[in-house]
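We name chains A, B, ... by the order of the sequence lines, and we start the count at 1 in each one.
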Number of protein chains: 2
Amino acid sequence: MRSIGKRVELLRVVAHPVRIRILDELLKGVKCVSDFEEFLSISQPNVSQHLSLLRQYGVVDYYMDGRLRCYFLKDPIIPDILEVLKKDYMEELPAPACCPVTKKGTYPGERRR
Amino acid sequence: MRSIGKRVELLRVVAHPVRIRILDELLKGVKCVSDFEEFLSISQPNVSQHLSLLRQYGVVDYYMDGRLRCYFLKDPIIPDILEVLKKDYMEELPAPACCPVTKKGTYPGERRR
DNA sequence: TGCAAATATTATTATATATGAATATAAAAC
DNA sequence: GTTTTATATTCATATATAATAATATTTGCA
């Protein structure tokens, strides 16, 4: 079981516009590097660098097919993260009705804001 | 409705060990700055800096109670992110059984890895 | 065997982020 | 009105991250 620290680290690795697009694309199926190169319109070395990072953190893996590397999703947290990321949220969370849990708060008091 | 770019940005803001702990604590209820200072054992200015960033991105808000600032969660995506982050995942995702969706792949071929 | 295709790695540089220290602000208490 | 308490802001610096360019590796194929 992964520590909370490791999970946050993973979140940081994933929280990048290009890498999110890569992962979202992998959600649909296996893809090779040159597919991403085209799809993302970024340089091949840069695609490889992002994939390398994702591999390093166990987020993706690949198999070889001739000289292609076919990448696929490996970490099961990824589909869940992508789902939350795409979900629509209509409202803000309800403001707390009463009484901070803080030891110092003396609510109810004036709400100045 | 928030763009996907904004969502990824938000994810990046959230993907920090201290800020995750702050948010996880706010999940339990309202807290003020000095509570965090104690709980996180980091300096007051640093707590304020993290809270400032979270405010800037609409993740949290606060009300004033005397000279205390009582912070609370505002963005509804946060509980969902925290839930995914805490969830236990037992297995890796199943490796793709067949046939890359890539235009270049010629699978089935030898799986070298 | 040598060439071309697909991908990876390394080095460099620019930029962003994080933290600590110092200072500022704002409200309450006296 | 001055002091104290709670919090915010600013500045400086260290560190991490990102992208580009150049080069290396690996594999299939002529």
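When the C1' atom of C/dA8 is taken as reference, atom CZ of A/Phe36 falls 16 Å away, rounded to whole Å. We find that OH of A/Tyr62 is positioned 17 Å from P of C/dA6, with the value rounded to whole Å. Rounded to whole Å, atom P of D/dT7 lies 16 Å from atom CG of B/Leu54. Regarding B/Tyr63, its OH atom lies at a distance of 19 Å from the C1' atom of C/dA26, rounded to whole Å. Rounded to a whole Å, the CD atom of B/Gln56 is 12 Å from the P atom of C/dA18. Here C/dT7 presents its C1' atom at 17 Å from CG of A/Leu53, a figure rounded to the nearest Å. In this structure, A/Arg55 places its CZ atom 12 Å from P of C/dT7, rounding to the nearest Å. Distance CG (B/Asn46) to P (C/dA22): 15 Å, rounded to an integer number of Å.
Residue B/Gln44 has its side chain nearest to D/dT7 when only D/dT7, D/dA18, C/dT9 are considered. The A/Val33 side chain lies nearest to C/dT7 when the options are D/dA19, D/dA8, C/dT7. Closest contact between the side chain of A/Arg19 and the listed nucleotides D/dA8, D/dA18, D/dA21 involves D/dA18. In this structure, the nucleotide among C/dT7, D/dT7, C/dA18 sitting nearest to the side chain of A/Arg69 is C/dT7.
Of the charged side-chain nitrogens involved, at least one lies within less than 4.0 Å of a carboxylate oxygen, so that B/Asp80 and A/Lys87 count as a salt-bridged pair. B/Lys86 and B/Glu83 are not joined by a salt bridge, as no carboxylate oxygen comes within less than 4.0 angstrom of a charged side-chain nitrogen.
Put simply, the side chain of A/Ser34 never gets that close to the backbone of A/Glu37: no donor and acceptor are under 3.5 Å apart.
Dashed line: the shortest gap from a side-chain N or O of B/Ser48 to OP1 or OP2 of D/dT9 is not under 4.0 Å. B/Arg12 has no side-chain polar atom (N or O) that falls below the 4.0 Å cut-off from OP1 or OP2 of C/dA16. Between A/His50 and D/dA19, a side-chain N or O to OP1/OP2 separation shorter than 4.0 Å is present. Under 4.0 angstrom from either OP1 or OP2 of C/dT7 there lies at least one side-chain N or O belonging to A/Ser34. Residue B/Arg67 has no polar side-chain atom (N or O) positioned under 4.0 Å from OP1 or OP2 of D/dT4.
Nearest-nucleotide positions on DNA chain D for A/His16 and B/Gln49 put B/Gln49 closer to the 5' end. Both B/Val47 and A/Ile42 lie close to DNA chain D; mapped to their nearest nucleotides by heavy-atom distance, the more 5′-ward contact belongs to B/Val47.
Each of A/Asp61, A/Leu26, A/Ile22 was scored for a side chain to side chain contact (heavy atoms under 4.5 Å, CB included) with A/Tyr71, with one residue passing: A/Leu26.
Relative to the ring axis of A/Phe39, A/Arg21 places its NZ or CZ within 45° and under 6.0 Å from the centre.
Residue contacts shown for A/Tyr71 are limited to sugar-phosphate atoms, with no base heavy atom under 4.0 Å away.
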